[in-house]
Amino acid sequence: MVTETHTKEEILALLQEIKDPEIPVLSIQDIGMLRDVHITNNGYEVILTPTYTGCPAMGIIEADIKALLETKGISPVKVSLIYSPAWTTDWMTEEAKLKMQRYGIAPPEHSSCGNIAIAEMHVPCPYCGSKHTELISRFGATACKSLYKCEDCKEPFEYFKCH
Amino acid sequence: MTQQEALFKYILRLGDNALIHSHRLSEWCSNAPFLEEDLALTNLALDMIGRAQALLQYAGSVEGKGRTEDTLAYRRSERQYYNNLLVELPNTDFAYTIARLLFVSAFEKEYYAALQNSADSTLAAIAAKTLKEIKYHFAHAHDWVVRLGMGTEESKQRVQNAVNDWWMYTSELFEMDETDEQLVKDGIVPDLKALYPAWLQAVTDTLKAASLDVPVSGYMQTGSRKGIHTEHLGHLLSEMQYLQRAYPDAEW
């Protein structure tokens, strides 16, 4: 039973605190995973969509959300996953892409809708900006990233795949 | 068979295919030819385990007996599993693993594209999500088959052997039983037979690009729709389920 009322806007503002554990400069809003907050007589429901179906960060994010909201006296909290509409990198804000680049990950280059570009060519290096880069592997340390290397500054870097 | 029973059985089949293939791929962790490939194969395994989780969770809710994705994964024996025989076969060598990935991802690319139009909104949503990932799986398999086929005599022979040896497991991907017929009628699942020409075309295109021969179909293996498996599934499950069998309900 909800005893104290919190508005949806208030909860959304609080949830800015929740970061993607793999890319701690981005919040779950920046990345487009947070879809909605429902307030009912039985409590609060936070609606998330996974980036990739097997994303292991989901469990951590769910625990972080519950812990944060409970310290603010917001309970009970239920976190629900939805699969439709499927997450896309198009939901990522321009600001989020900039933060990602500063963090050292090349942000997604194009719109992902329709055909997925399986291997982007000439992804700009997040360190020196050169477009003289080469794909090493479509799969990186997490499901959402590929591995590239820069032919100019010679740094290897990660690229957040269009999805 | 009620609609609910048919749907439960069908979703189990989808979930089992993802789970068992994922397990086989995860066996490459720390054993792949080089580091980037190690990451790639385990990334694929991760996509599949995520898909298995979503599907088995849905199967449990359709069944309505309180079984979760974990109960379904860890508390069934091999005769209660419905994955295709192809995905349970031991990895053998890298060429076999890649040949299997080509056969399965070429099938799943067509299959999940069709399932997006399911009258069941949960299946349609999972299909749309999963299709994006499968495109990467297929591209990875295609590139490797071409690389092995166009590589050395040794790599070409090995990938050709793999394609030839496991070809007999491919027709099972398209097998339909009374469960399928019931659900196809209601627009919940695709007609698998209709997917075969596109699958054959995709696989043929890749094999040709790799200068490999397309096998001629002869005797084809079957059994999984009835829960009849190769001897390998029991061994796989004994490893996968060990912890939950020894310490029921153990949690991290």
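Remember, predicted model here, so these are calculated numbers, not experimental data.
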Flag the pair [X] / [Y] as yes when at least one side-chain heavy-atom distance between them is below 4.5 Å, and no otherwise.
{"X": "B:Thr122", "Y": "B:Val62", "value": "no"}
{"X": "B:Leu55", "Y": "B:Asn17", "value": "no"}
{"X": "B:Trp199", "Y": "B:Leu192", "value": "no"}
{"X": "B:Ser211", "Y": "B:Lys156", "value": "yes"}
{"X": "A:Lys149", "Y": "A:Thr133", "value": "no"}
{"X": "B:Asp70", "Y": "B:Leu56", "value": "no"}
{"X": "A:Leu26", "Y": "A:Phe160", "value": "no"}
{"X": "A:Met92", "Y": "A:Pro108", "value": "yes"}

| Quick one: which residues of residues 45-52 of chain A reach chain B at under 4.5 angstrom, heavy atoms only? | A:Pro50, A:Thr51, A:Tyr52

| Heavy atoms under 4.5 Å from chain B: which residues of residues 15-23 of chain A carry them? | none

Ignoring hydrogens and angles, tell me if any N or O in the side chain of [X] forms a donor-acceptor pair with the backbone of [Y] under 3.5 Å.
{"X": "B:Asp16", "Y": "B:Tyr82", "result": "yes"}
{"X": "A:Lys66", "Y": "A:Val79", "result": "no"}
{"X": "A:Lys145", "Y": "A:Gly140", "result": "no"}

| remark: Cut-off 4.5 Å, heavy atoms of chain B, and the answer for A:Ser84 is both

| query | For chain A, which residues from residues 93-104 of chain B lie under 4.5 Å away (heavy-atom distances)? | reply |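 Counting heavy atoms that sit under 4.5 Å from chain A, no residue of residues 93-104 of chain B is involved.
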
| Of all the residues in residues 27-44 of chain B, which have a heavy atom that comes within less than 4.5 Å of a heavy atom in chain A? | B:Glu36, B:Leu39, B:Ala40, B:Asn43, B:Leu44

| message | Within the 3.5 Å criterion, strictly below it, is a donor on B:Tyr58 or B:Asp120 matched to an acceptor on the partner's side chain? | response | yes

| query | Is B:Lys129 positioned over the aromatic face of A:Tyr83, cation under 6.0 angstrom from the ring centre and no more than 45 degrees off axis? | reply |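 Cation-pi check for B:Lys129 and A:Tyr83: fails.
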
| said: Quick check with a 6.0 Å cut-off and a 45 degree axis cone: is B:Lys65 positioned over the face of B:Phe8's six-membered ring? | reply: no

| field | Shortest non-hydrogen contact between A:Ala106 and A:Met100, atoms and distance | value |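 In terms of heavy atoms, the two residues are closest at O-SD, 4.3 Å.
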
| task | Taking all heavy atoms of A:Trp91 and all of A:Ala86, pick out the closest pair and write down the distance. | result |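 Looking at all heavy atoms of both residues, the shortest contact is CH2-O, 3.6 Å.
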
| said: Angle between ring planes, B:His142 versus B:Phe138, binned at 30° and 60°: parallel, tilted or perpendicular? | reply: tilted

